[in-house]
Amino acid sequence: MSTATDTVNTNPDSHGHDSHDDHHHHIPKGLMRWVLTTNHKDIGTLYLWFAFIMFLVGGAMAMVIRAELFQPGLQIVEPNFFNQMTTVHGLIMVFGAVMPAFTGLANWLIPMMIGAPDMALPRMNNWSFWILPFAFLILLSSLFVEGGGPAFGWTFYAPLSTTYSGDSTALFVFSVHIMGISSIMGAINVIVTIFNMRAPGMTYMKMPLFVWTWLITAFLLIAVMPVLAGVVTMVLTDKYFGTSFFDAAGGGDPVLFQHIFWFFGHPEVYIMILPAFGIISQIVPTFSRKKLFGYASMVYATASIALLSFIVWAHHMFTTGMPVFAEMFFMIATMIIAVPTGVKVFNWVATMWRGSISFEIPMLFAIAFIILFTIGGLSGLMLAITPVDFQYHDTYFVVAHFHYVLVTGAVFSIMAAVYYWLPKWTGRMFDITLAKWHFWCSLISVNVLFFPMHFVGLAGMPRRIPDYALQFADFNKWISVGGFAFGLSQLIFLALVIKACRKKGEKVSSQVWEGAEGLEWEIPSPAPYHTFDTPPTVK
Amino acid sequence: MAQDAPQQYEKYYVPEQSVWPIVGAIALFLIAVGAGNYVVEVSKDKSGYGAYVLIAGLITLLVMVVGWFKNQIDESMSGLYSAQLGRSYRQGMAWFIFSEVMFFAAFFGALFYARVIAVPWLGGASNNAMTNEVLWPGFEAMWPLVSTPGGTETQAMGWLGLPLYNTIILLVSSVTLHYAHVGLEENKRKQLTWMLGLTILLGCIFLGLQGYEYVHAYRDLGLTLQSGIYGNTFFLLTGFHGLHVTLGTVILIVLFFRVLKGHFTPKEHFAFQAGAWYWHFVDVVWVMLFFFVYIL
């Protein structure tokens with residue numbers, strides 16, 4: 001199966017410097033350029049910066065959590081504030097950092113990869129970005145409401161979020177509504193762009209895998225974000241309007257909350273990892289100087305993971321007292337996901353096998369991703385085993401698991417993507433020395449941070465508690481040290497990105513990386529403000 | 001799509017800058033802040049500024065919708081659009097409707113779960129005999145749940161009478177809208193105008209009857225939003241449906257005035273098609289509602 005990348009024939013007129021086209025030749029200046037923009041590259045940049053800022057804000061909250069957990073006992077923050085930190089850290093990282101970062105990458109890359117002049121619905125694109133900062137402004141300001149911000153965990157289980165929550169719950173609900181609207185509009189834009197804007201000859205099975213994975217992700221987003229909107233609405237009415245969806249006295253059931261939430265929540269997990277698979281599938285072939293081992297199998301594996309994600313949600317709820325039949329069903333369905341995921345991991349490894357591998361920064365992150373994500377995947381398999389999950393449930397083992405897939409998985413892939421495409425965006429090579437520091441500091445500290453969590457979790461340390469039994473003290477000290485080191489390492493990344501945006505560094509060619517293939521590597525670096533006004537022909 | 005030869009390519013219209021999205025973002029911000037405060041103020045019975053912020057947000061949103069749509073209509077009327085852009089809009093609308101389907105699916109899911117699992121389990125089904133005996137002694141599972149475990153009593157809404165009339169009204173309105181669409185495509189403007197007007201009228205009658213039904217439920221049956229899971233699912237499902245009918249009616253009214261101004265051609269009428277799709281979708285939701293909420 002050939003990908004689009006080797007057979008591209010670009011029309012020289014399509015290289016974007018359209019001085020003959022007076023409709024397009026000036027780039028607006030100042031603040032209003034960013035506020036009013038309809039340009040997919042501007043909006044991509046906005047998304048990426050927003051995600052980065054949120055990553056640092058959410059990271060700062062993680063530092064508070066780790067500072068409190070540095071030693072047993074309560075010393076730095078009140079338990080209620082600790083709960084707010086775990087809650088808002090989770091919400092920010094999921095909805096404010098990882099998802100917007102992927103949407104930013106989609107905005108920058110999908111039109112360039114499929115030869116489209118822009119996203120299909122550019123004004124809606126602007127809207128879906130600009131409602132996000134407002135949503136997080138509301139969420140963050142709710143921390144200052146009397147009684148404190150949301151403290152019920154990012155999963156906002158009833159009755160914690162209904163009976164026992166504070167006044168900030170209403171603000172939380174409406175900010176989640178806005179985040180959902182943003183994601184749905186972003187996803188509609190991605191799907192329509194891919195369906196309708198591909199250059200002539202860019203058939204589905206020639207699309208770069210990043211495009212494929214995002215197409216499937218966008219479908220998941222449209223399918224489940226409305227369900228999240230539904231469940232927060234029920235929380236709102238239960239708390240403020242006297243309904244009893246999650247209250248047995250009125251015939252409802254708190255477990256119903258978990259069913260609806262995780263019907264959204266599990267596809268959401270794949271929303272945060274499928275684009276990562278796409279990124280790694282772009283990077284590994286480039287630096288192995290080989291075609292991806294099995295393009296079609298990657299596409300089918302992605303689709304299978306997405307479909308399976310709809311029938312595994314209750315593996316988050318093994319201890320809620322479901323019938324044994326349901327526990328068995330969800331256990332087996334969950335384990336089946338290991339098959340398409342394995343297809344992917346073996347695909348990347350087989351792509352590297354006997355390739356002429358070079359270890360540029362994006363490749364370092366990609367390889368770290370493959371190994372560390374696989375660790376997270378394997379601990380996920382352990383969690384899928386129902387009887388064993390009774391022991392692991394709500395312990396630090398779960399925290400270790402999802403941080404391996406989300407930090408060393410999703411976040412590492414985003415960093416890999418930024419290093420891979422940053423020269424295309426700025427036209428300059430980033431500071432490689434700083435990047436190496438960033439990589440190695442992050443890699444070591446992230447494992448010091450998350451690996452011991454497996455041990456304390458297996459030994460029974462519960463999650464979301466500001467205090468713990470003395471026997472966990474040594475491990476927690478090291479976990480906190482790793483946490484602080486990982487947090488500080490990200491400041492290197494910040495410095496590097498700022499430096500790159502200020503156009504420091506050597507100019508790069510349009511191809512940037514020796515083995516890079518695809519439409520985005522055929523346009524000049526930096527990518528012109530408008531690309532592919534006339535579609536290229538892909539043979 | 002991809003099979004078009006390059007020389008046939010129409011230019012894809014990429015609008016330059018637009019002020020409307022940021023106005024819309026501010027509107028949603030005001031709505032969220034206003035509603036978030038207003039809800040708390042009402043529940044605690046204290047005064048505050050929430051309602052004003054909410055109203056300001058709704059007005060801003062209205063301004064945004066009018067401005068954005070006017071912009072859009074002007075562009076469309078001045079021929080900036082291409083067939084490809086029309087496909088983008090149609091696909092965008094179709095996926096939007098799919099997201100709406102999933103929103104209703106969450107509430108239908110809650111309804112099914114309550115009926116099939118939660119309520120029977122509270123009554124002791126499956127292996128929950130002790131739940132019933134210890135926690136809710138004397139509770140008997142039933143649907144509609146007119147007597148909750150907590151002791152709230154209510155009456156069920158029958159399906160004969162008003163709900164049946166409403167079903168017929170909405171189904172007929174889908175047919176009249178279809179004939180309006182046929183009229184548009186065959187350039188029979190009179191048929192278009194009349195059928196569209198009739199559809200709007202039917203939509204308004206539906207909303208009126210639905211309002212009357214709510215009054216009947218609250219006043220005569222004691223069926224309220226607070227009457228346990230039956231009332232919850234009843235009012236949230238029919239309520240969100242009613243909101244969608246209201247929005248759909250507003251859309252149709254806007255379309256009606258555009259028709260009177262001579263907008264839309266037999267070939268190009270995305271706005272009309274989108275409005276019609278929306279109306280048919282709202283109709284299908286009602287049929288599901290009628291079946292699962294009223295009859296069963």
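- With salt bridges taken as basic N to acidic carboxylate O contacts below 4.0 Å, one links B:Glu75 and A:Arg123.
- Checked against a 6.0 Å centroid threshold, the rings of B:Phe107 and B:Phe240 count as neighbours.
- Using cut-offs of 30° and 60° on the angle between ring planes, the pair B:Phe104 and B:Phe108 is tilted.
- In this structure, chain A has heavy atoms under 4.5 Å from both the backbone and the side chain of B:Ser18.
- For B:Tyr38 and B:Tyr49, the ring centers are positioned 6.0 Å apart or more.
- Residue A:Met32 touches chain B through its backbone alone, counting heavy-atom pairs closer than 4.5 Å.
- Residue A:Leu171 touches chain B through both its backbone and its side chain, counting heavy-atom pairs closer than 4.5 Å.
- Only the side chain of B:Leu236 comes within less than 4.5 Å of a heavy atom of chain A; its backbone N, CA, C and O stay farther away.
- Looking at A:His259, the atoms closer than 4.5 Å to chain B (heavy atoms on both sides) all sit in the side chain, from C-beta outward.
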Practice item. Applying side chain to side chain donor-acceptor pair (under 3.5 Å), run through A:Lys239 and A:Thr163 and close with a yes or a no. Key: CA-CA 7 Å; A:Lys239 183 162 176 62; A:Thr163 312; over 6 Å; no

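- For chain B, the nearby part of A:Leu137 is the side chain; its heavy atoms alone come within less than 4.5 Å.
- In terms of heavy-atom pairs under 4.5 Å with chain A, the best-connected choice from B:Ala110, B:Ala94, B:Gly109, B:Ser126 is B:Ala110.
- The residue among B:Gly150, B:Gly92, B:Ser88, B:Ala141 with the most heavy atom pairs within less than 4.5 Å of chain A is B:Ser88.
- Interface remark: A:Ile184 contributes side-chain atoms only to the contact with chain B (heavy atom separation under 4.5 Å).
- When A:Ala170, A:Ser128, A:Ala223 are compared by the number of non-hydrogen pairs under 4.5 Å with chain B, A:Ala223 comes out ahead.
- Proximity to chain A (any heavy atom under 4.5 Å) is restricted, for B:Leu122, to the side chain, taken from C-beta onward.
- Using a 4.5 Å cut-off between heavy atoms, A:Thr237 touches chain B through its side chain atoms alone.
- The candidate from A:Asn39, A:Thr38, A:Thr37, A:Asp253 with the greatest count of non-hydrogen atom pairs under 4.5 Å with chain B is A:Thr38.
- Under a 3.5 Å cut-off, the side chain of A:Asp238 and the backbone N or O of A:Ser244 do form a donor-acceptor pair.
- Residue contact with chain B, scored on non-hydrogen atoms closer than 4.5 Å, involves the side chain of A:Thr233 exclusively.
- Using a 4.5 Å cut-off between heavy atoms, B:Leu28 touches chain A through backbone and side chain atoms alike.
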Practice item. Any chance you could lay out the side chain to side chain donor-acceptor pair (under 3.5 Å) test for B:Gln72 and B:Tyr89, step after step, and finish with the verdict? Key: CA-CA 11 Å; B:Gln72 196 86 22; B:Tyr89 287 155; 2.4 Å; yes

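- No option in B:Val65, B:Leu30, B:Ile31 other than B:Leu30 meets the side-chain contact (heavy atoms from CB on, under 4.5 Å) test with B:Thr60.
- The part of B:Met64 that comes within reach of chain A is its side chain, from C-beta onward, which places non-hydrogen atoms under 4.5 angstrom from that chain.
- The backbone N or O of A:Ile178 lies less than 3.5 Å from no partner atom in the side chain of A:Ser182, so there is not a single donor-acceptor pair.
- Screening A:Thr162, A:Thr169, A:Asp167 for a side-chain hydrogen bond (donor to acceptor under 3.5 Å, both in side chains) involving A:Ser165 leaves a single residue, A:Thr169.
- There is no contact between B:Ala105 and chain A, counting heavy-atom distances below 4.5 Å.
- No other option in A:Tyr240, A:Phe264, A:Phe172, A:Phe134 has as many heavy-atom pairs under 4.5 Å with chain B as A:Phe134.
- The contact between A:Phe263 and chain B is made entirely by side chain atoms (from C-beta outward), counting heavy-atom distances below 4.5 Å.
- A distance of 6.0 Å or more separates the ring centres of B:Phe270 and B:Tyr81.
- Looking only at heavy-atom pairs under 4.5 Å with chain A, the residue among B:Trp68, B:Phe139, B:Phe96 that has the most is B:Trp68.
- Taking a 6.0 Å sphere around OH of B:Tyr218, one finds it holds more than 12 heavy atoms contributed by other residues, nucleotides or ligands.
- Heavy atoms closer than 4.5 Å to chain A are found in the side chain of B:Ser43, but not in its backbone.
- Heavy-atom distances place both the backbone and the side chain of A:Ile222 under 4.5 Å from chain B.
- Note on ring orientation: taking the six-membered ring where Trp is involved, the planes of B:Phe235 and B:Tyr214 are perpendicular (angle over 60°, cut-offs 30° and 60°).
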